[in-house]
Each structure stands twice: as structure tokens, then as C-alpha cells.
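Sequence lines set the chain letters: A, B, ... in the order given, protein chains first and strands last, and positions in each chain run from 1. Values below: every heavy atom of this structure, side chains too, minus hydrogens, waters and symmetry copies.
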Amino acid sequence: MSEQPDYKDTVFLPKTDFPMKAGLANKEPGILARWEEHDLYGKLREARKGREKFILHDGPPYANGNIHIGHSLNKILKDLVARSQSLLGKDAPYIPGWDCHGLPIEWKIEEQYRKKKRNKDEVPAAEFRQECRDYAAKWVDVQREEFKRLGVMGEWDKPYLTMDFDAEATIVAEFLKFAESGQLYRGAKPVMWSPVEKTALAEAEVEYADVQSTQIDVAFEITESPIPELVGAHAVIWTTTPWTIPVNQAIAYGEGIEYDLIQALDGTGPVYLVASELWNEFRARMGNIELTTINDVMGHMLAGTIARHPMHKLGGFFANPRPFIAADHVTTEAGTGLVHMAPDHGEEDFFACKEHGIDPVFAVDDDGVYREDWLWLPRGDERAGNVINKRFNSSEGPICSDLREAGALLSASDDFQHSYPHSWRSKAKVIYRCTPQWFVRMDEALESGKTLRETALSEIDTTRFVPERGRKRLRSMVEGRPDWVLSRQRAWGVPITVYADKDGNYLNDPEVNARIIEAVRNGGADAWFAADHQALLGNTYSLDDWEVVTDILDVWFDSGSTHAFVLESGKWPNLRSPADLYLEGSDQHRGWFQSSLLESCGTRGRAPYKDVLTHGMTLDAKGFKMSKSLGNTLDPQKIIDVNGADILRLWASTVDFTEDHRIGPEILKGVTDMYRKLRNSFRYMLGALSDFDESERVAVADMPELERYVLHLLAELDATLKEAVNDYAFPRYVRALTDFANEDLSAFFFDIRKDCLYCDAPDDPKRRAYRTVLDTLFHALVRYASPVLCFTAEEVWQTRYPDAGSIHLEEWPAVNPEWRIFEHREKWNEIVSIRKHATEQIEPLRRDKIIRSSLEAELYMPIRDMPFDEETFAEVAIVAAVHDAKTYSVKKTDHSKCGRCWRLLPDVEEDGALCGRCAEVIGA
RNA sequence: GGGCCGGUAGCUCAGCCUGGUUAGAGCGCACGCCUGAUAAGCGUGAGGUCGGAAGUUCAAGUCUUCCUCGGCCCA
């Protein structure tokens, strides 16, 4: 074989500096710095000025601690929404915010005090609040940098904080709207109370854990009854909270429950009243003594029966009669079927007693000790103590001892296992405790004629939920929730700015309220606590007649008011209310989605949002919840440092975020692989277009069918992507995009046109058409990718257009919808499927090493029956030639291989010589 | 304990509402090709008792019930 020249230098290979290896972790910070330097966010606002708005309102994360993977997902999703809406051409501002008040921060400051051995109560409240403020500010700064690093674009220089004076003033104003409209009331109700933190807790602040408690059976001697046999008998109640016995006021029974009177076998000793179904269990607790039923009575017959407290000899409160009252919640699941009622310390007790005119007595002080003037175990008594103290309640503790001495303690054991609520911060047990609290009524008709609950429910009906099941979830919660408890007995928060009289009525004067709001706007929450209240009251009222309320608002009220102080305040003029979208985790059905809805419905009669998008929780690789104690957490910062933020963003947009979803090393590896393929497609396009000149451009009508088919596919993709954006369906979006890049482009179009790109003459119309389409594809794909791979898209864009502005200022690509209508569409779909079949036919010959490249194959097939010719299909299938035949077969070609284009063609004289086309191109 | 939700190839997901050919895709993996997208590109292939059990039906990944595992919220 003669020595043939090397034609490599005559081939037009792709040329680009765009590296295959991304090095995102190193590159991204530089891109971020450039965006910031050029004020990309500001430029984008300018560019979209006057356009249709899309308002995504940010739910504020709590300003405490570094961000975790859940925050990352949430913020990335928000950024995907904002960027994709902006790509559509809308003006989609994003104002991030933070939730700054509340117990967790207070707790951190108190913890610092404890370390320094300082007593919190000795620190002036204003100083304490300042420290909380500083602490929140510090974490806002930390989290801001962490969020920015994710590539989240927004008005980071001007976020909203719930502790801004403006915000606090608006929160106060919103609160006073509830007061002025009469939806606010002061009530006394048992609320979850933490004696350690000396505060009422929200449900969200409570967690349940298994504990061992003391269970006791206590006898209440019956003194009066319509049923004569009952007089002198002992009603038996069972409880796991002995400390509530000193506050007992009644005994509840179930009307439909059957009760037995039982007594020792020998007919001596006391007679006990217990539910028939439960007396065996009762007997077991008594030590399996022999008992027998001597009579039975239906629950409803117990009405009018009266017992006396075991400690009635103490007189006063304890000497009062303890009536039997009917209550629906009494069951025969456990206990004795008779339930001792302490309206101070149980929600059910409270309501059952209220119906019978029995009011709470407020026996337990805020630190969990019976008040000083209580007759049994009062503060100061040497045996007194915190009522949740284990020893206090134990079978040898003061309560049990006194009951035993009084002959009323029938059984006591310290090993009862059950789930019990604890404060999620201090992990200490909490109690129900009746205290004066401020409430918002759910069920009183307002001016509209509808109650707050009804308004909220009808607004839920008109909101769009993604996914749809969120509607049901929010609905059932709003349907079932009790009145909203607004008050907290804490320091770090927005004050409940009302003046109350002794009966709980509050001053309701718009002029006073206006002065209060103004004061808070100037001086923040401290303005209330340190106010000259007489000045606020003016001349009309005297401070002597009013008590200044010092409670603060539930933090959910703060964040529930963000629509007022962010969307409506005018501080961010490009916002408006209601928002187009609220986007948060599914846990916010109980939280922000609901508090915002109630706040807005109570003050404006409508929801503050049009759409509600919920995402699930991020779990570990095995589907378990991440927790520090399990050691299965994944730090977003580490992922960014190793893989880059674009990988995390791509992950967030591929998982089904509407459900709970997973993350782990293997998943991230998959995401990285997906990223690499996409990146390489961009690299190829950049290389292929490196010297593309506008003069090369060819009109679509003059293009080969293959080019027009690809434009058709692009137009289909375009429609799919647009729809996905409107549905917030990012997994569908990314899937469609990557499938297109991998299948339609890399494995099909690019592969087929490689010969054309490398070997045809630069002015060949086919090559020009191909590059024209490549250019169109490039412009479309880099834009499509930009919301997701915000850094990489910028890198791609800047590689091709170093002097242009950011890719993120660009709008949705100019893909002509008419391309969707392609007259040869069916034919080309068939070509694609037959191409697949053809490669399968070639495969055996490759496996047997008869041929190596498909270019060596000649294909026999019933091509005359098909709507395309031999030449077309040979090109598309990348084979040497196609011949008509009845059945499929493949044979190695006899032709020689062109030394330049490597095709095996009849006009090549010997291997390494040039084919006619190549000879012409290089002018040989 | 209650309400709601989920469990389809190694991974991420379609299919389930409106039961009906051998359950699909991409990635990964294995093998092969190419060595002019080269730590890339192309091809072929293996891989699933659709969480488990029962039921309805001529027919169930798809409908029903129970169980199990996991999640969110609540008690």
C-alpha cells in the first residue's frame, strides 16, 4: 500500500476553548461576582419593566443556623420559578425575607446567659431584645451568603425582615385590624404551657416523647345521688397526672357507658363505681383482690350525683361539691370510665366544665407551682414543687402520700409508659394550663356575613394548588382548627398592643391605635414596652383605668402578615398583592400557608396568593428523614464545594419535589453524569459554530428535510417546555431537554451531520443549512438551560459571546411555532424508527468483526416500499450504501475508504485516496 | 393513636385518574466500535414476581381491603 497523505488538517473539526471538565466549584464564585458587579438583578428588572408581572412571594426562613438541604431545595425551586418566568418575558422580582422573632432565638440568647451565669430576669428587657435582634441579624447575613451561593437571584441588598421597624409597625397595624373589627377577644383557655420557659407554646413548639409516669386510682366518695345505693360508694378515677388532683372540680362519665358497683367478695369494705368493661383492669391495679359486682347502673342515670374531694377536709375550694357531668370524650379504652375533671388543665375538661358553669381556678403559677394561697401544697410549703416534677407526682410524693393518708389512693405505680408532650426547645415536659390569652375568633360572622373560617375555606376553593392534594390538606386543617391563640408570654416579638380592663375588654379607638402604630414605626417593638402610655392614650382615657398588655404575638402572625408589609407596603414598588405564588414545604400547610390565609382573610376577606405550590421533604438516600442524631445529613455547602451549585440545582429540578424525595452520593453521581452529557452537547455546538458567520445563514425553506425535521422537533420541545414552566413541572422540563439533547441531537442529528460538518466545503448549502440550524439550536438550548444551570448557561453564553450581556437577560428563544407543522413529519418519524431497526441489523456483523464502522456496511432492505430513497437513508443510517431488496440483510462494502472523510465510496480508487467530494473541497 | 401522602429496573422518572398486546424512557452498568466532540462520541445488550397479601374482574402496575416500610401534620 502506498503512503497516503494525512488529510487531518483539511478537515473542519470543532474548535472551542470551552472545557469538557466543568470545575464548577471553582468557576461559580467568579460568575456570581460578575453578576453582582454588573448588578444583573437590577438590569433584569430594568429590562422587564412594564411587562406582565409574576410575583413569587418568599416565605421567610427562620434566621437561626446555617442552611440545610431543605432550605436549598426551597430556594432553588423559587429561583427556578423566578428565572423561568423571567425567561418567558415576565417581570418576576424576588424579594427574599427572614423570620426574625420568636422563641428559638430567645432561647439561644438565654443559653448564652446561662453559660455566663447571668440571670435573664435581671437583664433589662430592651437589652435582651437588642441581643436577640443582633443574633437574628447575624444569621440573616450568614444565610444570605449561603443562599446567594446557590445561584438564587434576588434583591439581596434589600430583603425584608420581620424585625424591621416598618414590618413591626405593619404587623401591629394588622393586629389592630383584628381588634377594631371585634375578631379579637381575651379568653381563658388551657394552652400548652412550659413551666420551664414560663410561656405558652404553640403546637409547633411541642414534640412528643415516650415517658414513664405515675398512674393512680383515686376514690371520690359519693355524697348525694338520685340512686340511693350510690351514696357512700366511691367513684374511682384513674389518671397519669396526679398533680391535677388538687385542681379537680368534677367527675365526667359517658352517658352510654355501663357502670358496676363492686365490692370485696365478703361483702365488707368500700363499694366502688367503675365502668363494667374496665373493672378487671382496675382489679389488676388493686393487686388482684377478689371483687364482685353487686349492682350496675347506666351512665345517663348518674346525672345529679355529687361526690366530694378526697381532701375536702382542707375546706374552701376542696369542700365544694364535685358534680358528675356527662362528657362525650369519656371512653372505656383505658382508666375506669370515670374521668376526673380539672378545667384548668385539659382542653376537653375545660369545655365539658364550661357547659356546666364550672370555671377554671388558675391554681398553678407560670413556673408550675401551686399559687401561694392554694390550700394544698402551696408555694412556700416545704413539700411544694413544680407540678411536672417526677418525684412530686410519684407514688411516694406529697400528693399520693396525702391521698393515701386520706384513704383515697386505691392504687399507684410509677411505670406507666405513654407518649407525652415536651417543649421542643428545652425538651422539658409541658402541661396544659389555663391562662388569659388573646384569641382570634374563627366562627363569628363578620361584616361580610361570613365567619373567618368560612371565608378562608371559600378562598381555598378558588386557589390553585400544585399538587392538587394540597387543597384537601389545607382545607381539613382550617376546618378543624380552634380559635387562633395570638398571645405569647415572651419578650422577643411584636407586642400585643392593646389596653385591657379587668374583664378582658380592650380599648378600641382608631385614634389611639394610629398613635400606637406610629410609635412602633419609629421605635420598633420597644416603643410599646417603654412607651409613655398616657401619651398614647391621649386626653380621652386614663391609664389608671387600663392595664397595658405585655404579651407578644405568635410569630406565625408576623409571617402571616408578610403580604401586608412586603407586597403591599410600597417599599418594593414592583410588588403587588395578591401574590401569584407561595412556594413552601408541605409542613407549611399548618404554618405559613395557613397563617397567611387567616391573616389576609381576617383583614381583607381574601387569600394573599393565587397559587400555592408545595414541595415534599428531602430524605436521605434510603428514604429516611435526615437528622443530626442519625448522622445522615448532607450539607449543601459540601455538595457545592465538591460538585458545584449547578449540580444541586439540577438535582432539585429532576426529583419529583411534589413528593418526598431523596438525595445521596449515588443520586448526585447520576445528576453529575446527566450534567456532563448536557455540557458536552453545548461544547460540541460551540465547537461546530466557532467560526459561524451570519452570511452563512440559510432560509428554512431552502434547507434539507433533515434540518427542517430537527427544527420541527425543536418546536415540539419548545411547546413542551413552555407548558412545563406554566405547570411548575421542572422534572418534565429537564427530562424533555436532556432527552432532546441526547437522543435527537447527539445520537441522531449531530452524528448524521458529522460528515457534512467536517468534510463538506464551507460554502456548501447543506453545511450552511446545518450550521444555521445549529445556531438556532444553540440559542434555544442555552436559554432553556439557563433557569436550571444558571452558571453553566452563563459560561456557555459568554464563551460564544464574550462581549454580550448575561444570558439571564435574554428571553424565551425565538422558536417559530410554525415549525411544528412539518409536512414530512410522518415520513421522518418513520425514518427514525427504521434507522433503529437498521442499526440492529448491522450489529451482528460488527460483533463478528466483519465490519467495524457502520460506514463499511451496505444495507439491503425493502426501500422501494418506503417513502424515502436509498440515498437519504444511507446518509441517515450512516452506511456506505442502501439497496432495494425483499428482506433486510447487510453486507460489507467493496469500496475503498476515502483518506479524508473516511467514507467508503465507489469513486475512491484505493484506501486513502480521495473521494470526488473531498478532492473538490480541498482543490486537489 | 388520628388525618393526608408515597413505595415501578442500580439511579431519576413515565405509565395509575378513564383496567386490556412481550411494563417504558434517560442515565448508569456490561460488551463492541471509533480514535477527527477523545477522561468525549456511536451501537448493542443485560437488568423489573410494578413494597407484600388477599379480593373484584374474562383480564390489575392500574380498582378495593388489609399488612409493611417511609414521610408530613396532628394528638
Engineer: Going 5' to 3' along nucleotides 10-18 of chain B, which nucleotides have protein heavy atoms under 4.0 Å from the base (write B), which only from the sugar-phosphate (write S), and which from neither (write -)?
Structural biologist: SSBS-----

Engineer: Indicate, with yes or no, if the rings of A/Phe682 and A/Phe18 have centres closer together than 6.0 Å.
Structural biologist: no

Engineer: How long is the line joining CG of A/Leu757 and P of B/rG41, in whole Å?
Structural biologist: 16 Å

Engineer: Checking all strands, does A/Trp902 fall into the base, sugar-phosphate, or nothing category for heavy-atom contacts under 4.0 angstrom?
Structural biologist: base

Engineer: Closest to the A/Arg590 side chain: B/rG3, B/rC33, B/rC74?
Structural biologist: B/rC74

Engineer: Without decimals, in angstroms, what is the distance between A/Phe593 CZ and B/rC73 C1'?
Structural biologist: 13 Å

Engineer: Contact class for A/Lys849 (heavy atom, under 4.0 Å): base, sugar-phosphate, or nothing?
Structural biologist: sugar-phosphate

Engineer: Which value, in whole Å, describes the distance between the P atoms of nucleotides B/rG10 and B/rG48?
Structural biologist: 7 Å

Engineer: Taking A/Glu795 as the fixed residue, which of A/Arg800, A/Arg683, A/Arg679 is the one that meets the salt bridge (charged side-chain N to carboxylate O under 4.0 Å, His left out) rule?
Structural biologist: A/Arg679

Engineer: Atom NZ of A/Lys15 to atom P of B/rU38: distance rounded to whole Å?
Structural biologist: 14 Å

Engineer: Is there a donor and acceptor pair, one atom on the side chain of A/Ser746 and one on the base of B/rA37, closer than 3.5 Å?
Structural biologist: yes

Engineer: Taking atom P in both B/rG51 and B/rA14, what distance in whole Å separates the two?
Structural biologist: 14 Å

Engineer: Given that both distances must come in under 3.5 Å, which nucleotide forms a Watson-Crick or G-U wobble pair with B/rC34?
Structural biologist: none

Engineer: Supply the atom-to-atom distance A/Lys75 NZ to A/Leu583 CG, rounded to the nearest 0.5 angstrom.
Structural biologist: 10.0 Å

Engineer: On RNA chain B, check which nucleotide each of A/Ser853 and A/Asp587 is closest to and give me the residue with the more 5' one.
Structural biologist: A/Ser853

Engineer: Do you know the tightest heavy-atom contact between A/Phe657 and A/Tyr728?
Structural biologist: CZ-O, 3.3 Å

Engineer: Which residues pass the side-chain contact (heavy atoms from CB on, under 4.5 Å) test with A/His71, not counting sequence neighbours?
Structural biologist: A/Pro61, A/Ile67, A/His68, A/Phe147

Engineer: Would you kindly give the CG-to-C1' distance between A/Asp751 and B/rC42, to the nearest whole Å?
Structural biologist: 5 Å

Engineer: Please give, in whole Å, the distance from B/rU35 P to A/Tyr7 OH?
Structural biologist: 17 Å

Engineer: Judged by modelled atom types alone, do A/Trp651 and A/Asn643 share a side-chain donor-acceptor pair under 3.5 Å?
Structural biologist: no

Engineer: For B/rG52 and B/rG47, measure between their C1' atoms and round to the nearest Å.
Structural biologist: 22 Å

Engineer: Could you give the distance separating B/rG61 and B/rG7 at their P atoms, to the nearest angstrom?
Structural biologist: 15 Å

Engineer: Students often get this wrong, so: under 4.0 angstrom with heavy atoms, is A/Gly687 touching a base, only sugar-phosphate, or nothing?
Structural biologist: nothing

Engineer: Tell me the interatomic distance from A/Glu468, atom CD, to B/rC5, atom C1', rounded to whole angstroms.
Structural biologist: 14 Å

Engineer: Within this structure, what is the CG-to-C1' distance between A/Asp673 and B/rA39, rounded to whole angstrom?
Structural biologist: 12 Å

Engineer: Please state the C1' separation for the pair B/rU35 and B/rG43 - nearest whole angstrom.
Structural biologist: 16 Å

Engineer: Considering every strand and a 4.0 Å limit on heavy-atom distances, what is the contact class for A/Lys625: base, sugar-phosphate, or nothing?
Structural biologist: sugar-phosphate

Engineer: Taking a pair as Watson-Crick or G-U wobble with both distances under 3.5 Å, which nucleotide is matched to B/rC4?
Structural biologist: B/rG71

Engineer: Of A/Lys8 and A/Lys21, whose closest RNA chain B nucleotide lies nearer the 5' terminus?
Structural biologist: A/Lys8

Engineer: Out of B/rU44, B/rA37, B/rA40, which has the shortest distance to the side chain of A/Arg676?
Structural biologist: B/rA40

Engineer: Would you indicate what A/Ser854 reaches in the nucleic acid, counting non-hydrogen atoms under 4.0 angstrom: base, sugar-phosphate, or nothing?
Structural biologist: nothing

Engineer: According to the Watson-Crick and G-U wobble definitions, with both distances under 3.5 Å, which nucleotide is paired to B/rC27?
Structural biologist: B/rG10

Engineer: Counting the atoms with a prime plus P, OP1 and OP2 as sugar-phosphate, which does A/Phe624 contact under 4.0 Å by heavy atoms, base, sugar-phosphate, or nothing?
Structural biologist: sugar-phosphate

Engineer: Could you tell me whether A/Arg767 sits above the aromatic face of A/Phe692, with NZ or CZ closer than 6.0 angstrom to the six-membered ring centre and within 45 degrees of the axis?
Structural biologist: no

Engineer: Under 4.0 angstrom, heavy atoms only, what part of the nucleic acid is A/Lys677 near: base, sugar-phosphate, or nothing?
Structural biologist: sugar-phosphate

Engineer: Quantified in whole Å, what is the C1' atom distance between nucleotide B/rG15 and nucleotide B/rG1?
Structural biologist: 36 Å

Engineer: Which base, if any, makes a Watson-Crick or G-U wobble pair with B/rA46, both distances under 3.5 Å?
Structural biologist: none

Engineer: Is there a donor-acceptor contact under 3.5 Å linking the side chains of A/Thr792 and A/Tyr675?
Structural biologist: yes

Engineer: Is A/Arg469 touching bases, backbone alone, or none of the nucleic acid, heavy atoms closer than 4.0 Å?
Structural biologist: sugar-phosphate

Engineer: I want to verify a distance call: between B/rG28, B/rG36, B/rC4, whose nearest atom is closest to the A/Lys472 side chain?
Structural biologist: B/rC4

Engineer: Distance check, rounded to the nearest 0.5 Å: A/Tyr709 atom OH versus A/Leu714 atom CG?
Structural biologist: 12.5 Å

Engineer: My understanding is that a pair needs two contacts under 3.5 Å, Watson-Crick or G-U wobble. By that rule, which nucleotide pairs with B/rU64?
Structural biologist: B/rA54

Engineer: A/Phe740 and side-chain contact (heavy atoms from CB on, under 4.5 Å): which single residue from A/Leu737, A/Asp744, A/Thr738 fits?
Structural biologist: A/Asp744

Engineer: Which of the following nucleotides, B/rU44, B/rU35, B/rC72, is nearest to the side chain of A/Arg473?
Structural biologist: B/rC72

Engineer: Under 4.0 Å from OP1 or OP2 of B/rA37: is there any side-chain N or O of A/Tyr758 that close?
Structural biologist: yes

Engineer: Please tell me which of the listed nucleotides, B/rG28, B/rA39, B/rC42, lies nearest to the side chain of A/Met20?
Structural biologist: B/rA39

Engineer: Which part of the nucleic acid does A/Arg679 contact within heavy-atom distance under 4.0 Å: base, sugar-phosphate only, or nothing?
Structural biologist: nothing

Engineer: What I want to find out is whether A/Lys669 reaches A/Asp673 closely enough, with some N-O distance under 4.0 Å, to be called a salt bridge.
Structural biologist: yes

Engineer: How far, in whole Å, is B/rU56 from B/rC29 if one measures between their C1' atoms?
Structural biologist: 41 Å

Engineer: Hey, which of A/Asn632, A/Asp660, A/Ile69 is the one that makes side-chain contact (heavy atoms from CB on, under 4.5 Å) with A/Leu619?
Structural biologist: A/Asp660

Engineer: May I ask you to evaluate whether A/Arg683 reaches the phosphate of B/rA37, defined as a side-chain N or O under 4.0 Å from OP1 or OP2?
Structural biologist: no

Engineer: By a strict heavy-atom criterion of less than 4.0 Å, which residues belonging to residues 736-745 of chain A are in contact with RNA chain B?
Structural biologist: A/Asp739, A/Asn742, A/Glu743

Engineer: B/rU12 and B/rA37: how far apart are their P atoms, nearest whole angstrom?
Structural biologist: 33 Å

Engineer: Rounded to whole Å, how long is the line connecting atom CD1 of A/Ile850 with atom P of B/rC33?
Structural biologist: 14 Å

Engineer: Would you call A/Glu707 and A/Arg771 a salt bridge, using N to O less than 4.0 angstrom?
Structural biologist: no

Engineer: Going by atom types only, do A/His615 and A/Ser586 share a side-chain donor-acceptor pair under 3.5 Å?
Structural biologist: no

Engineer: Tell which nucleotide pairs with B/rU18, taking only Watson-Crick or G-U wobble pairs whose two distances are both under 3.5 angstrom.
Structural biologist: none

